[in-house]
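Computed from heavy atoms alone, side chains included, the values below leave out hydrogens, waters and symmetry copies.
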Amino acid sequence: MLSYAAIFAACVCVAEKRGLPGVPVVFVGGYIFCFVDCPLGNLLDIQYNYAYTERIILCFTGYPLSTHYNSNLRTVGSQMAKLLMALYESGQTTFTNADAVRITGLQPPLASSLLHKAAKRGLVSRLKRGLFVIVPPELGTSVEYSGNPYLVARYLAGSAPYYLSHASAMELHRMVTQPQFVVFVSSTKRIPEQTLHGTQFRFVLLKPLHFFGTMKHWVTKQETIEISDLERTIIDGLRQPEYCGGITEIAKGLWMRRADMNVQKLLEYATRLDIGSVKRRLGYLLDLFGLAPEQQLGVFRKSLTPTYVPLDPLLPREGPHVAKWRLQVNISPEELQAARST
């Protein structure tokens, strides 16, 4: 099956060869109809024909073309076809105004005008100033389409170091069973919280010293994002449980992915971060679930101070104090153990 990009390319080339001002391409549902060199009602000559030796033209025949207005039909000119073709070929569905300038060769004001018109026709959706996403043809003329939220998060972070973290990373690592409605991004740059087309993007500020434990995650066949690795995802959750649904959800994620979890790396990350509450919570969960030997935990425990902190800071400070981990256990061990069966 021909890709959209191939069809665009064919239509653009033929139109330019014929000296046409725009590419006669029409989107109908999920198909692209190209009305170039294809007389209605005539079958495309599959014999050697000089008119088609260098171009592939897709022709749908046999049905009369309605000349009545149809709000679902979307036409594109040569510049927009060139832009969409390049984006489809690179697998880039989210793009900026600068991308449009680079691909089309237009001056920034003209590129902005091109994208403004495309947005009004429903070809692209404007997420924020200078940021757009291609609207899939099957969605019709939707102007509220937001695309892949993880790719959008990457663009919102810009050139700053970032990674998808907390509940978003847990979702990507298959550590949760419930859908997530807020996208969490950790970055060394202070970025304000934003809501685009109903999706909330929350940025968590990190010290450059604490930026470690990331990996690439393929979102599409061509595009990747940065996310926290399994171990860093747990550490971030223990540091800020409010961004993951609480300690119980983190305990579930830890247990669900225990076979792939590197316990030594968990302990090293907690030591490197050097936050007492994280060390206490991690040690307690590893001990409770039997995921680390006592000898390994004993060495780790030596760095703890006498201060007690709550296991879950989101819950009231009540419950027994566990001297072994300098922790006030305000979630019953039975409730945490129940996570192993979910």
### Pi-cation contact, Tyr162 with Arg154 (under 6.0 Å, within 45°)
no
### Summary
Heavy-atom nearest pair, Arg280 first then Thr307, reads NH2-O, 2.8 Å
### Message
Please give me the minimum heavy-atom distance between Val135 and Gly122, naming the atom from each residue.
### Response
CB-O, 3.4 Å
### Message
Going by the rule side-chain hydrogen bond (donor to acceptor under 3.5 Å, both in side chains), which residues pair with Arg258 if we only count those two or more places apart in sequence or in a different chain?
### Response
none
### Query
Judged by atom type as modelled, is there a donor-acceptor pair below 3.5 Å linking the side chain of Tyr155 to the main-chain atoms of Leu131?
no
### Task
Ignoring hydrogens and angles, tell me if any N or O in the side chain of Ser112 forms a donor-acceptor pair with the backbone of Pro108 under 3.5 Å.
yes
### Message
Apply side-chain contact (heavy atoms from CB on, under 4.5 Å) to residues Glu226 and Lys216 and explain how you reach the verdict.
### Response
CA-CA 5 Å; Glu226 292 291 325; Lys216 290 191 180 298; 2.8 Å; yes
### Task
Take Leu291 and Met261, measure what side-chain contact (heavy atoms from CB on, under 4.5 Å) needs, and give me the verdict at the end.
CA-CA 9 Å; Leu291 298 179; Met261 203 73 64; over 6 Å; no
### Message
Main chain of Gln178, side chain of Gln180: is a donor-acceptor contact present, judged purely on distance under 3.5 Å?
### Response
yes
## Note on the structure
d(Tyr88 OH, Thr93 OG1) to nearest 0.5 Å is 8.5 Å
### Query
Angle class for the Phe184/His166 ring planes (parallel below 30°, perpendicular above 60°, tilted otherwise)?
tilted
### Message
Using modelled atom types and a 3.5 Å cut-off, is there a donor and acceptor pairing between side-chain atoms of Arg281 and backbone atoms of Pro310?
### Response
yes
### Query
Taking a hydrophobic cluster as the set of Ile, Leu, Val, Met, Phe, Trp and Tyr residues connected by side-chain heavy atoms closer than 4.5 Å, whether directly or through intermediates, do Leu164 and Leu206 fall within one such cluster?
no
### Task
Determine, using the 4.5 Å side-chain heavy-atom cutoff (strictly less than), whether Leu110 and Phe95 are members of one ILVMFWY cluster.
yes
### Query
Taking 4.0 angstrom as the limit, do Glu231 and Arg257 come out as a salt bridge?
no
### Message
Within the structure provided, determine whether Thr305 and Arg326 are in side-chain contact (heavy-atom separation under 4.5 Å).
### Response
no
### Message
Could you check whether any side-chain heavy atom of Ile234 comes within less than 4.5 Å of a side-chain heavy atom of His173, counting everything from C-beta outward?
### Response
no
### Query
Shortest non-hydrogen contact from Leu285 to Leu336?
CD2-CD1, 4.2 Å
### Query
Got a second to check how far Thr248's OG1 is from Asp312's CG, nearest 0.5 Å?
6.5 Å
### Task
Please report the closest heavy-atom contact between Leu115 and Phe132, naming both atoms and the distance.
CD1-CE1, 3.5 Å
### Message
Just verifying a value: how many Å separate Asn262 CG and Leu230 CG, rounded to the nearest 0.5 Å?
### Response
10.0 Å
### Query
Should Arg239 and Asp236 count as an ion pair when the cut-off is N to O under 4.0 Å?
no
### Task
Would you indicate whether the side-chain heavy atoms of Tyr269 and Leu282 approach each other to under 4.5 Å?
no
### Task
Count the heavy atoms of every other residue, nucleotide or ligand shown that sit under 6.0 Å from CD of Glu294, and state whether that count exceeds 12.
yes
### Message
So that I can tick it off, tell me whether Glu249 and Lys252 are bridged by a salt bridge, with the cut-off set at under 4.0 angstrom between side-chain N and carboxylate O.
### Response
yes
### Query
Below 4.5 Å, heavy atoms only, C-beta onward: do Tyr163 and Ser168 meet side chain to side chain?
no
### Query
Quick check: are there more than 12 heavy atoms from other residues, nucleotides or ligands sitting under 6.0 Å from NZ of Lys189?
no
### Query
So, Gln200 versus Glu193: side-chain donor-acceptor pair below 3.5 Å or not?
yes
### Task
State plainly whether one hydrophobic cluster holds both Leu156 and Tyr243, where clusters connect Ile, Leu, Val, Met, Phe, Trp and Tyr through side-chain heavy atoms under 4.5 angstrom apart.
no
### Message
Using 0.5 Å steps for rounding, measure from the CD atom of Glu171 to the CZ atom of Phe181.
### Response
9.0 Å
### Task
Check whether any side-chain heavy atom of Lys279 sits under 4.5 Å from a side-chain heavy atom of Asp274, and report yes or no.
yes
### Task
Would you indicate whether the side-chain heavy atoms of Val133 and Leu127 approach each other to under 4.5 Å?
yes
### Message
I'd like to know if Leu315 and Val322 are part of one continuous hydrophobic network [Ile/Leu/Val/Met/Phe/Trp/Tyr, side-chain heavy atoms within less than 4.5 Å].
### Response
yes
### Query
Just by distance, do the side chain of His217 and the backbone of Asp229 share a donor-acceptor pair under 3.5 Å?
no
#### Entry: Same apolar cluster: Ile227 and Val182, side chain cutoff 4.5 Å
no
### Query
Could you give the distance from OG (Ser78) to CG (Leu83), rounded to the nearest 0.5 Å?
11.5 Å
### Task
Decide side-chain contact (heavy atoms from CB on, under 4.5 Å) for Glu223 and Trp218; before the verdict, give the C-alpha distance in whole Å, the side-chain angles of both, and the deciding distance to 0.1 Å.
CA-CA 6 Å; Glu223 295 190 274; Trp218 289 93; over 6 Å; no
### Task
Please round to the nearest 0.5 Å and tell me the distance separating atom CG of Leu151 and atom OG1 of Thr220.
6.0 Å
### Query
If only atom types and distance count, is the side chain of Asn330 paired as donor or acceptor with the main-chain N or O of Pro316 below 3.5 Å?
yes
### Query
Minimum heavy-atom separation for Phe300 to Ser303, with atom names?
O-OG, 3.1 Å
### Query
Quick one: are Leu286 and Leu267 in side-chain contact, heavy atoms under 4.5 Å?
yes
### Query
Would you say Ser187's side chain and Pro161's backbone share a donor-acceptor pair under 3.5 angstrom?
yes
### Message
Minimum heavy-atom separation for Ile247 and Leu311, please, with both atom names.
### Response
CG1-O, 3.1 Å
### Query
Does some side-chain heavy atom of Phe201 sit less than 4.5 Å from a side-chain heavy atom of Pro149?
yes
### Message
Using side-chain hydrogen bond (donor to acceptor under 3.5 Å, both in side chains), reason through Thr233 and Ser228 one step at a time and then give a plain yes or no.
### Response
CA-CA 5 Å; Thr233 301; Ser228 54; 2.6 Å; yes
